[in-house]
Every structure is written in C-alpha cells, then in structure tokens.
Amino acid sequence: MNISEIAPYEFSSVEARWQNFWRKNASFEVDITQTKKKYYVLEMFMYPSGKVHIGHVRNYTIGDIIARFRRSSGFSVLHPVGWDAFGLPAENAALKQNGHPKDWTYKNIEIMKRQLLSLGFSYDWSREFATCNESYYGFQQKIFLAFYKKGLIYRKESEVNWDPIDNCVLANEQVIDGRGWRSGALVEKKKLAQWFLKITDFAEELLSEIDGLKGWPEKVKTMQRNWIGRSEGCVIKFKTDINEEIAVFSTRSETIFGATFLAISPDHPLSLKLAEINTNIKAFIAEFKKGSVAQEVIDRQEKLGVNTGVTVRHPFLNKDIPVYIANFVLMNYGTGAIFATPAHDERDYEFAQKYSLPIERVIESEGDLPYLGNGVIINSDFLNGLTISEAKAKVIQRLCAIGIGERKVFFRLMDWGISRQRYWGCPIPIAYCDHCGIVPLEEKDLPVTLPYDVDFSSAGNPLDKHATWKRIKCPTCGKNAVRETDTLDTFFDSSWYFLRFCINDPNNSNLLKKEDIAHWMNVDQYIGGVEHAILHLLYARFFAKALSKYGFINVQEPFDNLFTQGMVCNVTYKKENGDWLFPNEVQKKNDGSYEVTATGEKVIVGNIEKMSKSKKNVIDPDVIIKTYGADTLRLFVVSDTPPDKDFLWSDEGLEGCWRFINRVWRLFVFAKSCGANIEENSFSIENCAPDIRELYKNFHRTIKNVTDSLEERAMNKVIAYIRDSVNSIYFLLEKLRGSQIVFRLIIRDLIKLLAPIAPHICEEAWSMLAFSGLVSDNPWPEYNKEYIAITTINLPIQINGKLRGTINVNPEEGEESVFEKALQVSSVQNIIGERSIKKKIYVKGKIVNFVI
RNA sequence: GCCCGUGUGGCGGAAUGGUAGACGCGAUAGACUCAAAAUCUGUUACUCAUUCGGGUGUGGGGGUUCAAGUCCCUCCACGGGCACCA
C-alpha cells in the first residue's frame, strides 16, 4: 500500500457514531462508589445566549483535554455541564420577539446542547441542569433563608439607576451615555430598599486566604486583593464649633499637622442636616445627586465643593480649620469624611488650589507639591525629624491616648447588592405583612416558582404587576401579605453551582448531600475567562465559606487550580462607509487586497479584535465542524498559541490542522495494512535495526514530553511533540513496514496521546486497529526510563562563550578525556592556534567552554 | 496615577543560566502528474562570502557570569486590571 493513495478521512460519519456511542453508553458518567482517586474538572458554565461561539469552544476544549487526560491517567473524573440560565438578555429578547424568557432560554439550551454534543466533550450529562430549573432555584431559596436567619442578608436603602419615563430600574448595561436604553430619558439616582449580602463579614478571610491559592494565576490573586482593598489607619474625632463631632479616617495620620481643612461627603449626615438650613448647601447636594451612578461618569468629574461655614479644632494646634462638603469624598468608604493635607495628596491639592485654601508642607522634599514620597517630617511639633513610619506610630499613639483616635481597618469591598427588579431570576422567598413586617417564608412553602403568565408590554417588573402571584397569606399571622417581587442577581446563581454538580441527581435531589460534596470538592481544575477574575470568583469563594460556616458543607476554598484562557480574536473587515463585514462576505484578490465577494466593493482590513457579533469578525463553529469536523476544530483552538494567551483565528492554521488530522489518519490506515497482532511480550527492542530502535526510544521521549506538557497545561507544546513524532514515523515508514511490532506499539501509544485532543479519530483508529475496549478507557501510556536515558550526546564546544564545534561523547565520560577530544576538533584548533588556554570549563553532559 | 503582565524570524510560538528559533503557518524548490490539486521530500533569522566559512542577532542601555532570551539595575513600547478608597 502506498500511503499517498489512502482516501481522505471521513470525519462526518465517524464523529456522529462515536458521539452517539458515548452518549448511549453514558461513557463519562461517574459516581462516588468508584474506588479510583477523584478529579473534578470544571469549566465556567455558559449563559444560553443562543449559539456557542469559538471562545466557548476553546474554553471547553481545554477542559475536555484535561478531563480526558486525567481520566486515562487513572482518575475518576467528574466533568459536568450546565447552564447559567437566568438573566436580563432573556427578557430583552422576549420583549423584542414577543416571546417568553423561559421559552427563549430553554430553546437556546437545546440548540447549544446539540452543539456541545457535536464537539465530543466528555461530560457527565446525567448531572446537567439549568439555574432556571425549579429544583435548582428552589434550593437556592433555602440558602437565602439560611443566610437571612443568620443575619448575613439584610435590607438597606441603596441607589439605583432610575428611568423617570419608563418608571423602572435600569441595570448598568441599560444605561447608555447616561440615558435609559429604551426611553432615552436622563437616568437619575434613586434610593430603593434592596437586599444585601454581608460579604464584608468575610473580607479578612477572603483576603488572607488568597495567599494559600497556590494554583491560581498571580494576576487574578492581585486583582482580588486590590478589590478587597484593605487599608489600615486611624479614625480621628474632630470637635466642631456647632457642638458635634466629625470622625475622619486616615492612613496618613502623620501628616495631620499639614491638615488645612476637612472634607465630608455630600451624603454625610452632617451635610444633609446642614442642607436643611442652608440653601447653598442644599443646591450643591441636589446638583450632586443628579447624574448617573455609572462609574465612568463619576471618574471624569471635576472636584467641586462648598464651604459649610462650620469649623473644627485642630487636635494639636491652636487653630480652627474649615469644613467643606466635597464631591470626591465617598460616603460608602471609611467614615465619609477626611482631613485634607493638600501638600501631600493630589486630590486635596487640586481642591485647595480651586478654593484657595492654605497648603502646608510637613514632609521635607525638593520640588513641586503635592509631594507623595518618603522624607523627614517637618513643621509638625512633636513629630519633627521622624520618618514617616515613626511619625505614624507616634501620632496614632498620641491620638489614642488623648481619646480622640482609634486604630481601624477599612475595606474597599462593599456588601453585595443581590436584589434585581426583574422577572427572569430566582424569586426572593420573603413576604411583607402589614402586621409582622418582613417575614421569611417557611421551607415547606418553597420553592417559590416564577409565574409563567406575565405581561412584558409595559415597563416595570412584571412580577410586581402580576394580578395574583404576589398576594399570599402571612406565614406568621395568616393575614394578607405580599411577596417580595425582586429576584436575585444571577451572580447568586453561579456562586454555588459547582456544589450542585457534586450531587448524583441534581434535578431531583432536594439536598446538598454532604458526603457527595466531601467526595468531589474541591474543584481540581477550574477553567474560564479572566473577565470573571473578580466578581464571580470572589462570590463563589464567599459562598463556600458562608455555607461551610452554617454547616451546609465543609469547604474552605472551592477551586484548587484556576486557569484563565485567552480570548479568541480575528481580523475585522469594513466597507469604505464603515459597515462591518463578516469574514465570509469578503475574498482576497490577486494583489493581496480584499473585496466584497458579492459586489466587488473595496474592503478595508481593520484591526485584530476579540470576536464579537457587533464587529462581525465571528466564525460559526457549526460551519467549521461541518467542513472539517470537531477534531480539527478542537486541535486548532489549542495548537500554536499557549491556552492562556489570546488566540488569533486563521483559516490557514485551520487548514494546517485538517492536513495533520489526515496525516495521522493515513498513518493509522497504513499501520492497519501492515497487519500484526503480535503480543507485546514477544518483543525485544535490541533485535531491531538501529534507526528503528532509535525511533522507538525517541517515541518514549515523546510520551514523556507530551505528559509533562499536559501537566503544565501547555497544549501547544503537546501538539508540537506529537507532530514531531509523527514526522519521524513518516520518515521511516517503509522500514516500519517490516517491523510490525514496533510500529503497532508506537501507533497504539500515539493514539492514546492524541485522544484527549482529537477523541473521535482516535476512538475510530483504536477500534479499526483492533485494540481492546475504548481508547477513552485505556490507561495513559508510560515511558521506559531506560529508553529515554541519554547514552551519547552532541556536546557543544565554546571558545570564550561562542559556539565553535561539537563532539559526540558519553555523558559519563571524564573531564580530561572530554577536553582532549574537544581540542582535537579542527575548527577549535584553528581558533586557538598558538594562544594559550586560560581556563577550561566542562559542565557534565552540557557544555565545554575554553577561555583564551 | 497605582498594580500586574508581555516584548524572540514575514507570522503563531519553543528553549531546568549551557548549541536561540522546536512545532506549525506562510514562502520556496524537487518527486509524483499530460496538467493541476492532494501527497511525499528538501530549504527557509539577518547578513558578507555565495565554496570552506565569517559576522550580527531575543525592545534599548548598563551590569553579574567561563557562559544571559533566561538573573540584577535602568529606560522604552504594548496589553490588562484598578482608579477620587483618604
């Protein structure tokens, strides 16, 4: 048989066949009775938006490769799949298409599930659930009640984006340039009673335990640390001339002698009080209240303030300093008040300049103010001459001693607002009774299910407008009451789903069985986008801690290893008028430029950007799977680029992977034609021809390299090593025809090595070559240490650190003998000539270097 | 502004302080073919010599070392995160 005559690989029927086989045989279902060591692989679950995109494919392929690798390495691998199914887009789509969020969501799940199946992922489908399933959110309501009863959930007034025309609350993404997305009205800040989760109770733990997360990227840990933002400082009470105290928080207490004014937040109680008697202040606060709560607007704001007329006494100086209301002081951090030291703080400096307030230097330095660096304290009475840290310690001690200071730690982290004025979310199991107030529902009344018959035709929360749903009897007194009509933030849903996957039958079980959780947790490998580095991962960590504290489970940190994959990018194409074009709408011309295929219009090739619908630089996985098969796509999305880096789509690269799949296919078919069903134990490598022996030994090195690279999740290297060994096999193809046993052994292990990446073709080859069972069930190949031991090396010889030749030596050979051989190399002799050698270096098995 | 990260051929990228550029893409040549495609086999950092061979090269500059892409200092560029947090 001539290898070039082998027909192309018929992926389509093969892939469908094995997908059906795995599904029918529940090949990847697991339970806790298995005696093997457990391994839990989890990819961040998907929002059912309607279509799987290439970014998902990359994420889930990385996960599947790890899952399949661990499985064949002898682990019992839990690899579940589910849907993060509540959320705003379903409501938007329902509005647009006159449909229902529930129908829209379940229809999308069906479509996307079919897509996932067509990629051959090794999921345990028996554990699949969506967060909008009653069994899931019903249990979530139990968690809510438990947290509520423990005081971890509370109700508080909080600001929201309010659309005054539609009379409804807007999510941040519904505010566009400060206006409501539907009405176009200027969005206002409005206070509304909302539910909060006291995540700040766990701030210290959430921060300190980041250090123990050895398997997390440093970058993510840093982001979480910054987000929690612990700062140590001192709260200082200032006496005012109106018989009140103002408490300020400072981390720079050593600069207190430079304090020339106090600034308080417009939301500070004193501000509000003064507003009642001072129209200037009232106007200032009113102006401040306008405008959006959106961060981008706040960030660009100019520093503004108003003098209250109130003064405070400086604690150490015989002087009074004014109190200003300033828009840059935040009520929700620290005490909502600061002492301002313009000489050593940029914001204070800017404010002082604007309002012509005095600026007094208290840290010695040269150059312009504000000065933020280190130095010696000056103009500060008992602090003079001290360093910053000495002064800080001394002044805090003094403030505490005279009873106006207190050491204090504040966190940037704020409590998590969990209520949303939306329909498509988990109902909050609370009743409001005129007699009893806020009453939690009882467990027997759970789940509180979402009504299907809701009206989206007018603005506002459909649950609130529903005729009957919210009217209930009070669980305590039995009188008429109403339900809470807010639903939970979808981050709440995704904060514990990984625990639910541990339960055998998550759609029917009403328990979070401790033994199941104990068996599967922690997640050994979690994989997802870095966009969830802060919120989702922080909330999930918080849930694990809170649920453990209240006895539901016993898990401290849920994710042992975290892997954040890069984005999938592609070039963009535009018409001259700026309209974006899909890649399949353009074609390359002979001169290398592009034109619109249909019309011949000129095409501008734009930047490489993250694939997104709006820029139309998307690739439809379905089309790729149909044209090249799932294995080719899986191979492509992890080849070349390391999985944590951004991946650039290229049609040529994809073609290259398709060629490689066919190249190995031909190899498999060729191997089959060579026959051989000979037992391994009748084989001795010493009887082989030298080049075949070398090939076989090198293949063992490939096994090692592939295994090591998989351990470090470097799929690009895995593929490089496999390709390299395939090349070597091709090189000796005709000789291998006469060495069936070696050939068969190599092919057998090659199939195993490739199987996690391209499972369909490998399963097919495994069965075609009559190996027993499934390749998915077979153990990972092991390498023979003797075969990879190096017996001769090509030793580089350097002169003054420059490569001048090589010699073949045994790595065990003695130093003197190596030098002798090295000096005989003609290129080395030519350079050394008559010169004397000052120093000879031999690093065993590595290098020779002569210094002349 | 602060905190991370990254900088290597035409491109994606390899390289426990020890032969820089594995593997792939692209390019290019040969074999096969009437021809093309596919396939198989070469070549492919730059540069001078175009024969042996030499020189230069991992963002720039400096340093440590027998030896630096790798370690240290410094500057530059790009990417990301946070950003009135007192």
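For clarity, every value in this text was computed on a predicted model and none was experimentally measured. Sequence lines set the chain letters: A, B, ... in the order given, protein chains first and strands last, and positions in each chain run from 1.
Taking atom C1' on both B:rA35 and B:rA22, the two are 37 Å apart, rounded to the nearest angstrom. Rounded to whole Å, the separation between the P atoms of B:rG5 and B:rG9 comes to 22 Å. B:rG12 and B:rC2 have their C1' atoms separated by 33 Å, given to the nearest Å. Across B:rU8 and B:rA20, the matching C1' atoms stand 8 Å from one another, rounded to whole Å. Between B:rC75 and B:rG24, the distance separating the two P atoms is 41 Å to the nearest Å. One C1' atom belongs to B:rG61, the other to B:rC11, and the distance between them is 29 Å to the nearest Å.
Figure legend: cation-pi geometry between A:Lys840 and A:Tyr842 absent, as NZ or CZ is not positioned both under 6.0 Å from the six-membered ring centre and within 45° of its axis. Relative to the ring axis of A:Phe351, A:Lys303 does not place its NZ or CZ within 45° and under 6.0 Å from the centre. A cation-pi arrangement is found for A:Arg723 relative to A:Phe660, the charged atom lying closer than 6.0 Å to the ring centre and inside a 45° cone about the ring normal.
Under the 90° criterion around 0 for the glycosidic angle, B:rG60 counts as anti.
At B:rU56, one or more side-chain N or O atoms of A:Lys802 fall inside 4.0 Å of OP1 or OP2 (strictly under the cut-off). In this model, the phosphate group of B:rA14 is approached by a side-chain N or O of A:Asn716 to a distance below 4.0 Å at OP1 or OP2. Considering only side-chain N and O atoms, A:Arg666 lies nowhere under 4.0 angstrom from the phosphate OP1 or OP2 of B:rA38. Look at A:Tyr730 and you'll find a side-chain N or O under 4.0 angstrom from OP1 or OP2 of B:rC40. The phosphate of B:rC82 has neither OP1 nor OP2 within less than 4.0 Å of any side-chain N or O from A:Arg225. For A:Asn849 and B:rU19, the shortest distance from a side-chain N or O to OP1 or OP2 is not below 4.0 Å. Within the 4.0 Å cut-off from OP1 or OP2 of B:rA67, not a single side-chain nitrogen or oxygen of A:Lys839 is found.
Nearest to the side chain of A:Arg659, among B:rC3, B:rC23, B:rG26, sits B:rG26. Residue A:Ile847 has its side chain nearest to B:rU19 when only B:rU19, B:rC23, B:rA83 are considered. For A:Arg723, the listed nucleotide lying nearest its side chain is B:rG24; candidates were B:rU41, B:rG24, B:rC66.
The distance from atom CG of A:Leu695 to atom OG1 of A:Thr702, rounded to the nearest 0.5 Å, is 8.5 Å. Between atom OG of residue A:Ser265 and atom CD1 of residue A:Ile338 there is a gap of 10.5 Å, rounded to the nearest 0.5 Å.
Atom-to-atom, CG of A:Leu667 to P of B:rC40 comes out at 10 Å; the value is rounded to the nearest Å. Taking atom CG of A:Asp651 as the reference point, atom C1' of B:rG24 lies 16 Å away to the nearest angstrom. Straight-line distance from the NZ atom of A:Lys840 to the P atom of B:rC66: 18 Å, rounded to whole Å. Residue A:Gln224 contributes atom CD, which lies 17 Å from atom P of B:rC4 at whole-angstrom precision. Taking atom CE on A:Met223 and atom P on B:rC3, their separation rounds to 16 Å, with Å as the unit.
Near RNA chain B, meaning a heavy atom under 4.0 Å away, the residues from residues 636-643 of chain A are A:Asp640, A:Thr641, A:Pro642.
Aromatic ring centroids of A:Phe261 and A:Tyr355 lie 6.0 Å or more apart.
Base pairing of B:rG7: its partner is B:rC76, meeting the Watson-Crick or G-U wobble criterion (both donor-acceptor distances under 3.5 Å). In this structure, B:rG12 forms a base pair with B:rC23, meeting either the Watson-Crick or the G-U wobble geometry with both donor-acceptor distances under 3.5 Å. B:rU33 makes up no base pair with any nucleotide shown, lacking Watson-Crick or G-U wobble contacts both under 3.5 Å.
Donor-acceptor pairing under 3.5 Å, judged by distance alone, is absent between the side chain of A:Asn226 and the base of B:rC82.
Results of the ring pair (Phe, Tyr, Trp, His ring centres under 6.0 Å) test with A:Trp658 over A:Phe11, A:Phe636, A:Trp665 single out A:Phe11 as the only residue that passes.
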One pair to check against side chain to side chain contact (heavy atoms under 4.5 Å, CB included): A:Val568 and A:Val57. What are the steps and the verdict?
CA-CA 10 Å; A:Val568 178; A:Val57 174; over 6 Å; no
